[in-house]
Amino acid sequence: MMDKNQKKTVMIVEDDLILNLLYESYLEKLGYDAEGELVYGKTAIEIAQKIKPDLILMDISLEGEIDGITAMKEIRKFSDVPVIYITGNSDPHHVQRAKETDYLDYLVKPIEFNDLKESIERNFNKIHK
């Protein structure tokens, strides 16, 4: 068993509660500590500042007035935490805006366990070796 202090924390920002729980279970299976149930961009910014996650899984369309990309732009002001976007929007406009936040990966829903696993192994683990 990994030492509790060794566990990387992944913050999940997803306004669909079912998906939120799903991603949480995926991450726990992969040995991460998942902080979920964040549905608002504004809350995501506050929590990111508080818990300093090792990775953020960010949905682009969120409840409230700011979307995931705008939330990430705010988080970038105080953190260079890696982000993987998970979204239903693969249109060029969103992809272009997301690029400004220097993301690790851009996954289009629906995502399976292996999609997330591969993305994390390919992108995130190489930073944290």
Side-chain angles (χ1 to χ4, degrees):
M1 196 58 210
M2 257 199 290
D3 185 304
K4 187 82 182 96
N5 303 327
Q6 297 303 302
K7 261 194 179 182
K8 300 270 182 235
T9 302
V10 181
M11 188 172 104
I12 305 166
V13 188
E14 163 63 73
D15 63 0
D16 178 323
L17 218 52
I18 306 288
L19 289 177
N20 209 314
L21 292 168
L22 182 68
Y23 301 156
E24 216 169 295
S25 74
Y26 286 175
L27 288 160
E28 280 163 6
K29 246 191 246 177
L30 291 168
Y32 294 96
D33 217 351
E35 272 297 321
E37 277 106 75
L38 295 169
V39 297
Y40 296 99
K42 206 165 146 337
T43 324
I45 298 164
E46 291 159 13
I47 302 291
Q49 217 157 3
K50 202 168 76 185
I51 70 168
K52 300 179 174 50
D54 297 292
L55 174 67
I56 297 179
L57 279 194
M58 178 73 80
D59 184 17
I60 290 181
S61 42
L62 296 170
E63 300 270 334
E65 56 285 12
I66 69 171
D67 72 0
I69 298 173
T70 306
M72 256 339 278
K73 285 182 176 168
E74 286 304 306
I75 291 169
R76 280 285 169 261
K77 293 177 181 170
F78 59 83
S79 169
D80 58 359
V81 57
V83 60
I84 293 176
Y85 287 109
I86 295 180
T87 180
N89 302 322
S90 56
D91 62 279
H93 171 69
H94 284 92
V95 176
Q96 201 43 55
R97 283 183 56 227
K99 276 189 182 138
E100 297 167 30
T101 62
D102 191 26
Y103 63 85
L104 280 186
D105 207 353
Y106 195 97
L107 304 176
V108 180
K109 289 177 187 173
I111 67 156
E112 303 291 324
F113 175 72
N114 283 336
D115 299 329
L116 186 59
K117 181 177 189 278
E118 282 166 22
S119 176
I120 289 178
E121 284 174 356
R122 193 177 62 240
N123 301 294
F124 181 59
N125 290 349
K126 103 178 151 214
I127 307 172
H128 288 275
K129 278 285 182 263

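- More than 12 heavy atoms of other residues, nucleotides or ligands lie within 6.0 Å of CG in Asp91, so this atom counts as buried by the packing criterion.
- Inter-residue side-chain proximity for Leu55 and Met11 is flagged as unmet; no heavy-atom pair is nearer than 4.5 Å.
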### Task
Could you walk me through whether Phe113 and Leu22 pass side chain to side chain contact (heavy atoms under 4.5 Å, CB included), step by step?
CA-CA 9 Å; Phe113 175 72; Leu22 182 68; over 6 Å; no

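- We find the CD-CD distance between Gln49 and Glu74 to be 9.5 Å, quoted to the nearest 0.5 Å.
- Two residues are said to be in side-chain contact when any heavy atoms from C-beta on lie closer than 4.5 Å; Ile84 and Tyr103 fail this criterion.
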### Message
side chain to side chain contact (heavy atoms under 4.5 Å, CB included) for Leu30 and Lys117? Distances and angles first, verdict last.
### Response
CA-CA 7 Å; Leu30 291 168; Lys117 181 177 189 278; 3.5 Å; yes

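- Ion pair Asp102/Arg76 not flagged as a salt bridge, since none of the NZ, NE, NH1 or NH2 atoms sits closer than 4.0 Å to an Asp/Glu carboxylate oxygen.
- Between the side chains of Asp105 and Ser119, at least one donor N or O sits under 3.5 Å from an acceptor N or O.
- Formation of a donor-acceptor pair under 3.5 Å by the Asp59 side chain with backbone atoms of Val13 is not found in this model.
- Taking each heavy atom of Asn20 and Glu37 in turn, the nearest pair found is OD1-N, 2.9 Å.
- Using a 4.0 Å cut-off between charged nitrogen and carboxylate oxygen, Glu14 and Lys109 count as a salt-bridge pair.
- The distance from the CG atom of Leu104 to the CD1 atom of Ile56 is 10.5 Å, given to the nearest 0.5 Å.
- Grouping the Ile, Leu, Val, Met, Phe, Trp and Tyr side chains by contacts below 4.5 angstrom, directly or via other members, places Val10 apart from Leu21.
- Partner of Lys73 under the side-chain contact (heavy atoms from CB on, under 4.5 Å) criterion, chosen from Ile45, Thr101, Asp67: Thr101.
- Of all non-hydrogen atoms in Leu62 and Tyr40, the two that sit nearest each other are CD1-C, 4.3 Å.
- Between the side chain of Asn123 and the backbone N or O of Ile120, no donor-acceptor pair lies under 3.5 Å.
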### Message
Pair Lys50, Glu46 - check side chain to side chain contact (heavy atoms under 4.5 Å, CB included), show working.
### Response
CA-CA 6 Å; Lys50 202 168 76 185; Glu46 291 159 13; over 6 Å; no

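- The shortest heavy-atom contact between Tyr85 and Ile69 is OH-CA, 3.8 Å.
- No cation-pi contact links Lys7 to Tyr32, judged by a cut-off of 6.0 Å to the six-membered ring centre and 45° from its axis.
- Nearest heavy atom pair, residue Glu24 against residue Gly36, reads OE1-CA, 3.5 Å.
- Taking each heavy atom of Ile66 and Lys42 in turn, the nearest pair found is CD1-N, 3.7 Å.
- The closest donor-acceptor contact from the side chain of Asp54 to the backbone of Thr9 lies under 3.5 Å.
- Considering all non-hydrogen atoms of both residues, Phe78 and Ala48 come closest at CE1-C, 4.0 Å.
- Using a 4.5 Å cut-off between side-chain heavy atoms of Ile, Leu, Val, Met, Phe, Trp and Tyr, with links allowed through other members, Leu17 and Tyr23 fall into different hydrophobic clusters.
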### Message
Assess the residue pair Val81 and Ile75 against the criterion (side chain to side chain contact (heavy atoms under 4.5 Å, CB included)); give the C-alpha distance rounded to whole Å, side-chain angles, the decisive distance to 0.1 Å, and a yes or no.
### Response
CA-CA 8 Å; Val81 57; Ile75 291 169; 3.9 Å; yes

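- The hydrophobic cluster containing Ile86 does not contain Met58, counting ILVMFWY residues as joined when their side-chain heavy atoms lie under 4.5 angstrom apart, directly or transitively.
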